[in-house]
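Step one of this worksheet: look at the structure below.
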Amino acid sequence: MEDIRLGVIESHFADIIWQHEPLSSGELVKICGEELGWKKSTTYTVLKKLCDKGIFQNQEGRVTSLITRQELHAAQSKKFVDETFGGSLPAFLAAFAAEKPLSRKEIEEIRKMIDDFVDKAGEA
């Protein structure tokens, strides 16, 4: 993946594909016309851009994803933490929690994730 950053419109477009895939490029043009008010050329331009980024593919008029929505979000999150916090997840969490106090439920979820990671690391 060359550049995983997506703008608001690109993200909406990507969500359309993930919701309907696999779909024909003609179906995608129709959906984008209805939901985004786009012309055929705009749909193909944005599709090509996201294909070039390694997110989707358009083979023989069939549009499918190369990565899942979750994989994209994980890559975007990792890049953000790397660039903004020097790759330090604790520094990111401290900054996040300073602005939005964590609920007891969120703290328990984070503890469970950490325990799961520790258990997996112990098995390796």
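- In this structure, NZ on Lys53 lies 14.0 Å from CG on Leu66, to the nearest 0.5 angstrom.
- Of all non-hydrogen atoms in Ser11 and Leu6, the two that sit nearest each other are OG-CB, 3.6 Å.
- If you run side chain to side chain contact (heavy atoms under 4.5 Å, CB included) between Ile17 and each of Asn58, Val63, Leu50, only Val63 comes through.
- Salt bridge annotation for Arg111-Glu106: absent, with no cationic side-chain nitrogen under 4.0 angstrom from a carboxylate oxygen.
- Side chains of Arg5 and Lys79 form a contact here, defined as non-hydrogen atoms less than 4.5 Å apart.
- Under the 4.5 Å side-chain heavy-atom criterion for ILVMFWY residues, no single connected hydrophobic cluster contains both Val8 and Leu47.
- No donor-acceptor pair under 3.5 Å is formed between the side chain of Ser65 and the backbone N or O of Thr68.
- The closest side-chain heavy-atom distance from Arg69 to Gln19 is below 4.5 Å.
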With side-chain hydrogen bond (donor to acceptor under 3.5 Å, both in side chains) as the test, would you mind laying out the steps for Glu21 and Thr64 before giving the verdict?
CA-CA 6 Å; Glu21 75 171 316; Thr64 56; 5.1 Å; no

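- Between atom CZ of residue Phe80 and atom CZ of residue Phe92 there is a gap of 6.0 Å, rounded to the nearest 0.5 Å.
- Considering CG of Asp82 and CG of Leu89, their distance stands at 10.5 Å, rounded to 0.5 Å.
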For residues 25-33, tabulate all N or O donor-acceptor pairs below 3.5 Å that involve a side-chain atom, not counting sequence neighbours.
unit_1	atom_1	unit_2	atom_2	d
Ser25	OG	Tyr44	OH	3.2
Glu27	OE1	Ser24	N	2.7
Glu27	OE1	Ser24	OG	3.1

Pair Lys39, Thr43 - check side-chain contact (heavy atoms from CB on, under 4.5 Å), show working.
CA-CA 7 Å; Lys39 294 181 181 177; Thr43 299; over 6 Å; no

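- Note that CD of Glu10 and CG of Asp15 are 12.0 Å apart. Values are rounded to the nearest 0.5 Å.
- Contacts classified as ring pair (Phe, Tyr, Trp, His ring centres under 6.0 Å) and involving residues 14-43 (residues at least two apart or in different chains) are given here: Phe13-Trp38, Trp18-Phe56.
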Take Gln57 and Arg62 through the side-chain contact (heavy atoms from CB on, under 4.5 Å) test and state the conclusion after the steps.
CA-CA 8 Å; Gln57 66 182 357; Arg62 200 103 188 117; over 6 Å; no

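- Between Asp116 and Lys120 no salt bridge is recorded (no basic side-chain N to carboxylate O distance below 4.0 Å).
- Contact record, Ile110 with Leu102: CD1-CD1, 3.9 Å, taken as the closest heavy-atom pair.
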